Structure formats: structure tokens, C-alpha cells
Amino acid sequence: MSDLTIRRVRPGDPDDRKALYDICLRTGDYGNDATSQFTLPNLLGDVYVGPYILFHPLHCFAISSGNRPVGYVLGVPDTHTFEKHLPTTWWPQVIAALPERHPDSPALTRRDVEVMSLITSWEPTAATQILEKYPAHLHIDLLQEAQGGGMGRRLIETLFDSLRAAGARGVHLGVSSSNPSAIGFYRHLGFTTLDQDAAGLTLGKPL
Ligand SMILES: CC(C)(COP(=O)(O)OP(=O)(O)OC[C@H]1O[C@@H](n2cnc3c(N)ncnc32)[C@H](O)[C@@H]1OP(=O)(O)O)[C@@H](O)C(=O)NCCC(=O)NCCS
């Protein structure tokens, strides 16, 4: 695609927010479309998009095709502070909207239940020794139509600049072992393995 541009996400624009939630869902199965796996389509976005664009819009960038977002990178410069505040600033409103509180809600899928339990029993994810050197973290997702043309690199380098300007010395991210294509991308960009368990890898890069 030739008409792709990078711009900041517009946190107050409901269309932008909806588009980013949609991208999150459509890349939520290890990079593939997870739409059919959820009856609650906003759950993944509530974890991986909502608090980023609300609390750190300066570090949230979209790839736009015309005005339509087709990809994003979302970052925070200080993961510890971000995660410390989520239990009071973000999770209560997400939990209040969960279907447990709405008895007439549709039947839940296995992934609905998985992500709901991640939300209701949420705990800070990053280890202290990782945060010391790699305090920032990020999520990047491009729709298939925007992949493979260099926009992932441009987007993540745009975020690196904004994280550096905010004083972050390093950035980390989590990636599933079932997403080898993303792992290849991150390694190609200079990320190295900081930690590994059955679910996946924590990768990091100095800024
Ligand atoms: C992973 C993703 C962000 C990469 O973005 P992209 O636009 O497809 O990648 P780019 O075209 O910008 O590639 C940038 C560079 O990485 C290289 N690269 C990309 N994938 C690679 C791979 N699997 N192995 C090795 N190198 C890879 C490219 O060759 C390119 O190299 P160059 O810049 O030196 O020429 C994108 O494909 C995506 O969003 N996938 C689906 C969602 C997802 O899996 N997100 C990550 C969740 S943790």
C-alpha cells in the first residue's frame, strides 16, 4: 500500500479508539484474526489498547490509510508507574462492564473467560530486574494489508524516538512462542531475549 502515513492516535476520537480495538482483535490470535474466538469483542482492546491511549497518548501512533487506522504501536515510558495505577484508574471501569454483572449476556468462549480472568486477577507483569534496564514497554499490531512493507519498522522507530525523548533507557515487550513471525521481526530490529517461559518470550532493546 502506498498511501500509508504515521500519525499520533487521537485518544478523544471514538472512531480512532474503535478502529484500534478492532485491529487488536483482528491480530489477537498470535498475529491472526481472533474475531471468531470472542463473544466480547472489546476484551482484548481493554487490556492492550484502552489504558495506553488514555494515559499515554504521546506514545501512541497509528498507521493511517486515508483516515482509517490499519496499524498501531502503543508504548509507555515507565511500565512500573503505569502498572501501579491500573488497579485504581483503569480496571474498575473495565470490570464494571464485564458480563458477570449482566446476567443476560451471551455465552462466553474459552478466550473470553481467559481474558476476563486476566483482568479480574491482574498482576503487574514485568520483573523488577527487567524494568531497571528496560523500563518502557510496547505493543505493535498491523492489519495484514499493512504488513511486510516496512511500516512496522517505521512505526516502532517512531515510538523509540518518543520514548527516548521521555527519558526511557530501554524498552521490553512480551511475545508468544506461537508467533515466530513477530519474534523474527523483533530480533531483526535488535531485540534480545531477557526472559522465557512456557507461554513466550520477554524481549528487550536499549534505546
Ligand atoms: C510483526 C509486525 C509488527 C511486523 O511489521 P511489518 O510491517 O510486517 O514488518 P516490516 O515490513 O516493517 O519489516 C521490518 C524489517 O523486519 C524484517 N522482518 C520482518 N519480519 C521478519 C521475520 N519474521 N524474520 C526476520 N526479519 C523480519 C523485514 O525484512 C524488514 O527488514 P529491513 O527493514 O531491514 O528491510 C506485523 O507483521 C504485525 O503486526 N503482525 C501481526 C500482529 C503481531 O504479530 N504483532 C506482534 C504481537 S507481539
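Bear in mind that the values here come from a model prediction, so they are computed numbers and not experimental data. All ligand and atom numbering here is 1-based and tracks the order in the structure.
With hydrogens and angles left out, the side-chain atoms of Tyr21 and Asp46 include a donor and acceptor closer than 3.5 Å. Looking only at atom types and distance, the side chain of Thr192 has no donor-acceptor partner in the side chain of Arg187 under 3.5 Å away.
For atom 25 (C) of ligand 1, the closest heavy atom belonging to the protein is Gly184 O, 3.5 Å. From the protein, the heavy atom lying nearest to atom 35 (O) of ligand 1 is His188 NE2, 4.6 Å. Of the protein's heavy atoms, Phe185 CA, 4.1 Å lies nearest to atom 18 (N) of ligand 1. Ranking protein heavy atoms by distance to atom 44 (O) of ligand 1, first place goes to Asn179 ND2, 2.8 Å. Considering only non-hydrogen protein atoms, atom 40 (N) of ligand 1 sits nearest to Gln147 NE2, 3.4 Å. Among all non-hydrogen protein atoms, the one lying nearest atom 11 (O) of ligand 1 is Gly150 N, 2.8 Å. Ranking protein heavy atoms by distance to atom 42 (C) of ligand 1, first place goes to Asp141 OD1, 3.3 Å. Nearest protein heavy-atom contact of atom 6 (P) of ligand 1 is Gly148 N, 3.6 Å.
With a 4.5 Å cut-off on side-chain heavy atoms, Ile23 and Pro69 count as touching. Within the 4.5 Å cutoff, no side-chain heavy atoms of Val70 are placed close to those of Leu142. With a 4.5 Å cut-off on side-chain heavy atoms, His59 and Tyr52 do not count as touching. You'll find the side chain of Asp33 stays beyond 4.5 Å of the side chain of Thr27, heavy atoms only.
Polar contact with ligand 1: present for Leu142 (N/O pair, distance under 3.5 Å). For Leu189, no nitrogen or oxygen atom sits less than 3.5 Å from a nitrogen or oxygen atom of ligand 1, counting backbone and side chain alike. Taking only nitrogen or oxygen atoms, main chain and side chain alike, Gly152 reaches within less than 3.5 Å of ligand 1. At under 3.5 Å, not a single nitrogen or oxygen of Thr27, backbone or side chain, sits near a nitrogen or oxygen of ligand 1. Distances between N or O atoms of Tyr186 and those of ligand 1 include no value under 3.5 Å.
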Determine, stepwise, if the pair His172 / Thr202 fulfils side chain to side chain donor-acceptor pair (under 3.5 Å).
CA-CA 7 Å; His172 72 276; Thr202 303; over 6 Å; no

Give the C-alpha distance, both sets of side-chain angles, the deciding distance and a yes or no for side chain to side chain donor-acceptor pair (under 3.5 Å) between Asp112 and Thr109.
CA-CA 5 Å; Asp112 285 322; Thr109 63; 3.0 Å; yes

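Taking every heavy atom of Gly31 and a limit of under 4.0 angstrom, the matching atoms of ligand 1 come to 41 (C), 42 (C), 43 (C), 44 (O). Below 4.0 Å from some heavy atom of Ser181 lie the following atoms of ligand 1, by number and element: 22 (C), 23 (N). When each atom of ligand 1 is checked for a heavy atom of Arg153 under 4.0 Å away, the hits are 12 (O), 14 (C), 32 (P), 33 (O), 34 (O). Annotation for ligand 1: atoms under 4.0 Å from non-hydrogen atoms of Gly149 are 11 (O).
Taking CZ from Arg169 and CD from Glu132, the interatomic distance works out to 8.5 Å, rounded to the nearest 0.5 Å.
Shown here, atom 29 (O) of ligand 1 is out of close reach of the protein: none of its heavy atoms lies under 4.0 Å off.
Taking the six-membered ring where the residue is Trp, Phe191 and Phe160 present tilted rings, their angle falling between 30° and 60°. Note: Phe82 and His137 have tilted aromatic rings, judged against thresholds of 30 and 60 degrees for the angle between ring planes.
A 6.0 Å sphere centred on CZ of Arg154 holds no more than 12 heavy atoms belonging to other residues, nucleotides or ligands.
The backbone of Met151, and not its side chain, has at least one atom closer than 4.0 Å to an atom of ligand 1 (non-hydrogen atoms only; backbone = N, CA, C, O).
Ligand 1 is never approached by Tyr30 to a heavy-atom distance shorter than 4.0 Å.
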